2 protein chains.
Amino acid sequence: MINKKSTEDLSTEEKIKEAARTVFMKKGYSATRTRDIAEEAGINLALLNYYFRSKEKLFEIVMMEKMQKLFGGLVGIVTDNDTTLEKKIELLTIYYIDMLTQNPDLPIFVLSELRNNGEHLIKSLPIGNVLQQSALFKQLQVNRPDINPLHFIINILGSTIFPFVAKPMIQAVGNLNPKDFETMMEERKKLIPRWIRSMLQTK
Amino acid sequence: MINKKSTEDLSTEEKIKEAARTVFMKKGYSATRTRDIAEEAGINLALLNYYFRSKEKLFEIVMMEKMQKLFGGLVGIVTDNDTTLEKKIELLTIYYIDMLTQNPDLPIFVLSELRNNGEHLIKSLPIGNVLQQSALFKQLQVNRPDINPLHFIINILGSTIFPFVAKPMIQAVGNLNPKDFETMMEERKKLIPRWIRSMLQTK
DNA sequence: AATATTTTAAATCAAATGATTAAATTATTT
DNA sequence: AAATAATTTAATCATTTGATTTAAAATATT
C-alpha cells in the first residue's frame with residue numbers, strides 16, 4: 001500500500017519528488033520527460049508510476065508546493081494586526097529578497113506555468129480573500145483612500161519579484177555576474193521600503 | 001528558390017510565420033507541435049519544413065521578433081538627448097503600458113523562453129551597451145550619484161511590465177475582470193511617473 | 001521460515017512528433 | 001506550347017514519449 005509508509009523510507013517517494021522539483025523547475029512541464037525525472041532521481045522509470053499515478057499528478061504536487069512557497073510566506077506578514085504599515089513593507093521586502101535569492105527561478109517557473117495550466121490552480125490557493133481582508137490592505141486604504149491598494153501591492157511585489165523574473169536580461173544589460181546581481185538585490189532590501197514610503201506620501 | 005519571392009505571394013510563408021507567432025506565444029516552444037502551427041496556418045505540415053528548415057529555426061525568427069518588440073521600442077526613448085529625465089520616464093511608462101495592453105502575453109513569453117534557450121539570444125540584441133551609454137543612464141547618474149542607475153531602470157520596467165507578467169495572479173487576487181485590469185493599467189500611466197519622481201527625490 | 005512490501009530490469013503499447021520523400025499541381029519563363 | 005521552376009500535397013519514417021505490465025529480485029515484516 002502506497003500510503004502506509006513507515007517513518008523512515010519516505011526516501012524513494014521523496015527522491016522522486018525532489019527530482020521532479022529539480023527537473024520541472026529547470027525545464028518546465030512540457031519540456032520535462034518522465035525519463036529525465038527517473039534518471040535524476042536515480043530510480044527506475046516504473047517507480048514514478050508506482051508512487052504517483054502520472055506525470056501530471058506529480059507535477060501538480062510540485063506546482064502546489066512552489067505556489068505555496070512563492071505566496072504562502074506573505075500571508076503571515078500581511079495579516080498581522082500588530083505591525084505598522086511600514087514594518088510590513090520592510091518585512092515583505094526582506095522576506096522576498098532573501099527567499100528569492102535562495103530560489104531565483106521560482107517566480108518565472110510559477111508564473112509561466114500558471115499561464116499555461118490556467119486558473120484552476122490559482123483558485124486552489126485562497127490568497128485572494130486573505131489579501132483583500134488583510135491588515136495590510138486596510139492600512140493602505142487608510143493611508144491612501146484615493147488609490148486602489150492593489151497598486152501598492154503590485155509595486156511591493158513587483159520591485160522585489162520582477163528583478164528575479166527578468167534576471168537574465170538584467171544581468172546582460174548591466175554586465176553583472178551572479179555575485180553583482182546578489183549585491184544589488186541586497187541593496188534593494190534597504191531601498192525598496194524607502195521608495196514605497198515616499199510613494200505613499202506623494203500627492 | 002525560397003528567397004526570391006515575388007512581391008505578392010509572401011502569403012504562404014507569412015501565413016506560417018503568423019501561425020507560429022500565435023501558437024508559440026500561446027503554448028511556448030516545448031508544448032508547441034509543428035502540426036499545431038500547420039493547422040493554425042491552414043497549410044500542409046511539410047510546408048513548414050520547406051520554408052523554414054526546422055521548428056527551431058522558425059522559433060528563433062519569432063523569438064527575435066518578440067524580443068525586438070519587447071525591448072526595441074525603449075531605445076528611441078532612452079537615447080534621446082533632448083528630453084528631460086522626467087519626460088523619459090513618462091514616455092517609457094505610456095509606451096510600455098500601451099504596448100503591453102495590446103500584447104499582454106509578450107513579457108512572460110520572452111522571459112520564460114529566455115530562461116530555457118539561454119543567453120545566446122540576449123547577446124544578439126545590443127541592448128546592454130545601448131542602455132549603459134544612454135542619456136537616461138547619465139541623467140539618472142547625475143540625479144542620484146549614490147544609487148546604481150540600474151535600480152531605477154528595474155523600477156521603471158518592473159512597475160510597468162510586472163503587472164502583465166503576474167496578470168493571472170493579480171486578476172485572481174483582486175477579483176478583476178479583464179476590463180478592470182485594463183483600467184488599473186490605465187491608472188498606472190499617471191501614477192508611475194509620479195512614483196518614480198518621488199523615489200528619485202527620497203534621500 | 002513465511003509473507004508482504006518495495007525495487008528493478010525489460011519489454012511493450014499506443015500515440016505524438018519532427019522530419020523527409022516523391023509525386024502532383026501551379027506558376028513562370030522560354 | 002513546351003520546358004522549367006516554384007509551390008503544395010499525401011504518405012511515410014524513425015524517434016520520442018507517457019504509460020503500463022510482467023516477472024523476478026531484493027528488502028523488510030511478521
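Chain letters run A, B, ... following the sequence lines, proteins first, then strands; residues in each count from 1. Quick caveat: nothing in here was measured; it's all calculated off a predicted structure.
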- Non-neighbouring partners of Lys57(B) that pass salt bridge (Lys or Arg N to Asp or Glu O under 4.0 Å), sequence neighbours left out: none
- Sorted by number, the residues of residues 54-66 of chain B with heavy-atom contact under 4.0 Å to DNA chain C: Ser54(B), Lys55(B)
- Item | Distance in angstrom units between Glu39(B) CD and dA16(C) P, rounded | 12 Å
- Message: Checking Glu186(A) now: which residues fulfil salt bridge (Lys or Arg N to Asp or Glu O under 4.0 Å) with it, not counting sequence neighbours?
- Response: Lys189(A)
- Item | Asn103(A) side-chain N/O to Leu106(A) backbone N/O, donor-acceptor pair under 3.5 Å | no
- Message: Can you measure Lys15(B) atom NZ to dT7(D) atom C1' for me and round it to whole angstrom units?
- Response: 11 Å
- Task: Output every pair passing salt bridge (charged side-chain N to carboxylate O under 4.0 Å, His left out) with a member in residues 63-82 of chain A, not counting sequence neighbours, ordered by first then second residue.
- Result: Arg21(A)-Glu65(A)
- Message: Checking Asp36(B) against Lys27(B) for the salt bridge (charged side-chain N to carboxylate O under 4.0 Å, His left out) test, could you report, in this order, the C-alpha distance in whole Å, the side-chain angles of both residues, the deciding distance, and whether it holds?
- Response: CA-CA 10 Å; Asp36(B) 296 337; Lys27(B) 325 222 277 187; 3.3 Å; yes
- For atom CZ of Phe52(B) and atom P of dT7(D), their distance in whole Å: 12 Å
- Task: May I have all residue pairs that pass ring-ring contact (aromatic ring centres under 6.0 Å, His included) and include part of residues 57-114 of chain A, sequence neighbours excluded?
- Result: Phe24(A)-Phe59(A), Tyr29(A)-Phe59(A)
- Query: Does a side-chain N or O from Tyr50(B) land closer than 4.0 Å to OP1 or OP2 of dT8(D), or not?
  - Reply: no
- Message: Just to verify, what does Phe137(A) make a ring-ring contact (aromatic ring centres under 6.0 Å, His included) with, not counting sequence neighbours?
- Response: none
- Using a cut-off of less than 4.0 Å, is there contact between a side-chain N or O of Tyr51(B) and OP1 or OP2 of dT8(D)? yes
- dA19(C) OP1/OP2 closer than 4.0 Å to side-chain N/O of Thr34(B): no
- Message: If you only use heavy atoms from C-beta on, which nucleotide in dT8(C), dT16(D), dT20(C) is closest to the side chain of Leu47(A)?
- Response: dT8(C)
What N/O pairs connect the protein and nucleotides 9-14 of chain C at under 3.5 Å? Give each pair on its own line.
unit_1, atom_1, unit_2, atom_2, d
dA9(C), N7, Asn44(A), ND2, 3.1

- Query: Is there a residue in residues 22-32 of chain B whose heavy atoms reach under 4.0 Å of DNA chain C, and which residues are they?
  - Reply: Thr32(B)
- Rounded distance in Å - CG (Asn49(B)) to P (dA19(C)): 5 Å
- Pairing residues for Ser112(B) by the side-chain hydrogen bond (donor to acceptor under 3.5 Å, both in side chains) criterion, not counting sequence neighbours: none
With a cut-off of 3.5 Å and sequence neighbours excluded, list every side-chain donor-acceptor pair involving residues 155-169 of chain B.
unit_1, atom_1, unit_2, atom_2, d
Asn155(B), OD1, Arg188(A), NH1, 3.3
Asn155(B), OD1, Arg188(A), NH2, 2.5
Asn155(B), ND2, His151(B), O, 3.2
Ser159(B), OG, Asn155(B), O, 2.8
Ser159(B), OG, Ile156(B), O, 3.1
Thr160(B), OG1, Ile156(B), O, 3.1
Thr160(B), OG1, Leu157(B), O, 3.0

- salt bridge (Lys or Arg N to Asp or Glu O under 4.0 Å) with Glu86(B): which residues, sequence neighbours excluded? Arg197(B)
- Message: Output the rounded distance in Å from CG (Leu48(A)) to C1' (dT20(D)).
- Response: 12 Å
- With sequence neighbours left out, what residues match Glu187(B) under salt bridge (Lys or Arg N to Asp or Glu O under 4.0 Å)? none
